[in-house]
Each structure stands twice: as C-alpha cells, then as structure tokens.
Amino acid sequence: MQRKIAAFSRDEQSDWVAALECGHERHTRHQPPLSERPWVVTEQGRASRLGTTIECRRCERREVPSGYAPYRRTATFTADSVPKGLLSRHTTARGIWARIHVEAGRLRYRLHEPFFEELILEPGTTGVVLPGVAHEVEPLEGARFFVEFLRPPGAAKPPQRIEGAQ
C-alpha cells in the first residue's frame, strides 16, 4: 500500500528512515547495487521526496504502528443504534487507526481501495481500520460492536468525530 513520506530521521546505525503518514517507518538506504536511492544522501534529495509515496508493507498487513494506544471508544452499537455514517463509505481522521470489536453476533466490514475486501467479524475477531482507507460496516444477525480509536503517544487530541461519507 502506498503511503506518503512525512519526514526523515536517522536510526542508530545512521541509516535514513522515512516517517510515513500512517505512523510506520521505512528504511530508505542507498546501498548499490541492492538499493538505488541516491536522493536519500542529500538534504535536498530527501526534501524532494516529502509528500511522495512509498510502499508500506506494514499497512498491507494491517499492523498498528508501535506505540499507538487507545484514546477513545464509541458507545456499543446494534443494528438499531449504529450511526448512519458508519453504514456508508467513510474514513477515520488523518493518522488515526481504529479497531472494531464485536461483542456479539456478526458484522460485515467492507474495505474499499486499495483492498476491496469484505470480512465477517465475530466475537474474537477484530477489524483493523487504517487511516485514509475507506470502509463501511453492516450489522448482521445480533451484531453488537464498538470502535476503539488509536493515536501515537503525545499526539494532540484529534477530532472526536468520524469523517463524513465520501
């Protein structure tokens, strides 16, 4: 999955690491012939890559970034109480990850591009919501669920809402 580069830093071995908009990091070494990234060795080269995209395999595996912790959870919803915004295509706020927890019954969780996947969540299976990835839910028989929002440590409190349907 492609994610934008937000910043660069060096690791303990002085290799360059790209901080991605999703909260993950990715090494961006220039080590010919294995990896050709001559732009990473200069400040101007790194600056030219800010805002461009790079593959994030951790997002593809739906791994919540290290250090992210819950800061808010919704009420428990049923088919009768689920907000309409959750039933149609929407995203979380920028940089915010979430987990869908099913307490009872079953919930259909649809992910839109780049995944185009449909999952049936039941108690014991958690749906991971990636920042910027459009998704929707559909309560099935006896569904009772809540959503837990996660953010990085020290982050300013993000909006207390879910962005509107797209």
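- In this structure, Y68 and G95 approach most closely via the heavy-atom pair CE2-O, 3.5 Å.
- Heavy atoms only, all atoms of each residue included: P38 and H30 are closest at N-ND1, 3.2 Å.
- The environment of CD in E113 is sparse: at most 12 heavy-atom neighbours from other residues, nucleotides or ligands sit within 6.0 Å.
- Here the CZ-SG distance, from R58 to C22, works out to 9.5 Å after rounding to the nearest 0.5 Å.
- Residues L130 and R3 form a side-chain contact, since some pair of their non-hydrogen atoms from C-beta on lies under 4.5 Å apart.
- Rounded to the nearest 0.5 Å, atoms CD1 (I100) and CD (E148) are 11.5 Å apart.
- At a threshold of 4.0 Å, the pair E138-R108 counts as salt-bridged, since one of the basic side-chain nitrogens sits closer than that to a carboxylate oxygen.
- Heavy-atom minimum distance, T125 versus I120: OG1-O, 4.4 Å.
- Rounding to the nearest 0.5 Å gives a distance of 9.5 Å between SG of C56 and CD of E21.
- More than 12 heavy atoms of other shown residues, nucleotides or ligands fall within 6.0 angstrom of atom CD in Q13.
- Taking 4.5 Å as the limit, every side-chain heavy atom of V129 sits out of range of all side-chain heavy atoms of V147.
- Every residue two or more places apart in sequence or in another chain that forms a side chain to side chain contact (heavy atoms under 4.5 Å, CB included) with E103 is listed here: R73, T76, R144, F146.
- Here the shortest heavy-atom pairing between V40 and R46 reads O-NH1, 2.7 Å.
- With a 4.5 Å cut-off on side-chain heavy atoms, T92 and W97 do not count as touching.
- S35 contributes a side-chain N or O that, together with a main-chain N or O of Q31, makes up a donor-acceptor pair within less than 3.5 Å.
- Judged as a side chain to side chain donor-acceptor pair (under 3.5 Å), and not counting sequence neighbours, the contacts of H112 are E136.
- We find the CH2-CD distance between W39 and Q44 to be 13.5 Å, quoted to the nearest 0.5 Å.
- By the criterion of side-chain heavy atoms lying less than 4.5 angstrom apart, applied directly or through intervening Ile, Leu, Val, Met, Phe, Trp or Tyr residues, L140 is not grouped with L107; the two fall into different hydrophobic clusters.
- The shortest heavy-atom contact between A93 and P131 is O-CB, 4.4 Å.
- In the hydrophobic clustering of this structure, V64 groups with L121; members are Ile, Leu, Val, Met, Phe, Trp, Tyr whose side-chain heavy atoms approach within less than 4.5 Å, directly or through other members.
- Under the 3.5 Å distance criterion, the side-chain polar atoms of H135 are matched with a main-chain donor or acceptor of H90.
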**OP:** Report the C-alpha distance between F8 and L50 in whole Å, list the side-chain angles of each, state the deciding distance to 0.1 Å, and finish with yes or no for side chain to side chain contact (heavy atoms under 4.5 Å, CB included).
**Re:** CA-CA 9 Å; F8 288 94; L50 294 175; 3.9 Å; yes

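- To the nearest 0.5 Å, the span separating CD1 on I5 from OG1 on T52 amounts to 4.0 Å.
- Residues T28 and R49 fail the side-chain proximity criterion, which asks for heavy atoms closer than 4.5 Å.
- In terms of modelled atom types and a separation under 3.5 Å, the side chain of T126 and the main chain of R99 share no donor-acceptor contact.
- Across all non-hydrogen atoms, the minimal contact from T78 to S81 is N-OG, 2.8 Å.
- Proximity of L86 to F77: side-chain heavy atoms (C-beta onward) are separated by under 4.5 Å at one or more points.
- L20 is not connected to V17 by any chain of hydrophobic side-chain contacts under 4.5 Å among Ile, Leu, Val, Met, Phe, Trp and Tyr, and they are in different clusters.
- With hydrogens and angles disregarded, a donor-acceptor distance shorter than 3.5 Å links the side chain of H24 to the backbone of E63.
- Side-chain contact check for R72 versus I96: every heavy-atom pair is 4.5 Å or farther apart.
- The distance from atom CD1 of I54 to atom NE2 of H27, rounded to the nearest 0.5 Å, is 11.5 Å.
- Between F145 and T74, every side-chain heavy-atom pair lies at or beyond the 4.5 Å cut-off.
- Screening R10, R26, R29 for a salt bridge (Lys or Arg N to Asp or Glu O under 4.0 Å) with D15, the sole residue that qualifies is R29.
- Within a 6.0 Å sphere centred on CD of E141, heavy atoms belonging to other residues, nucleotides or ligands number more than 12.
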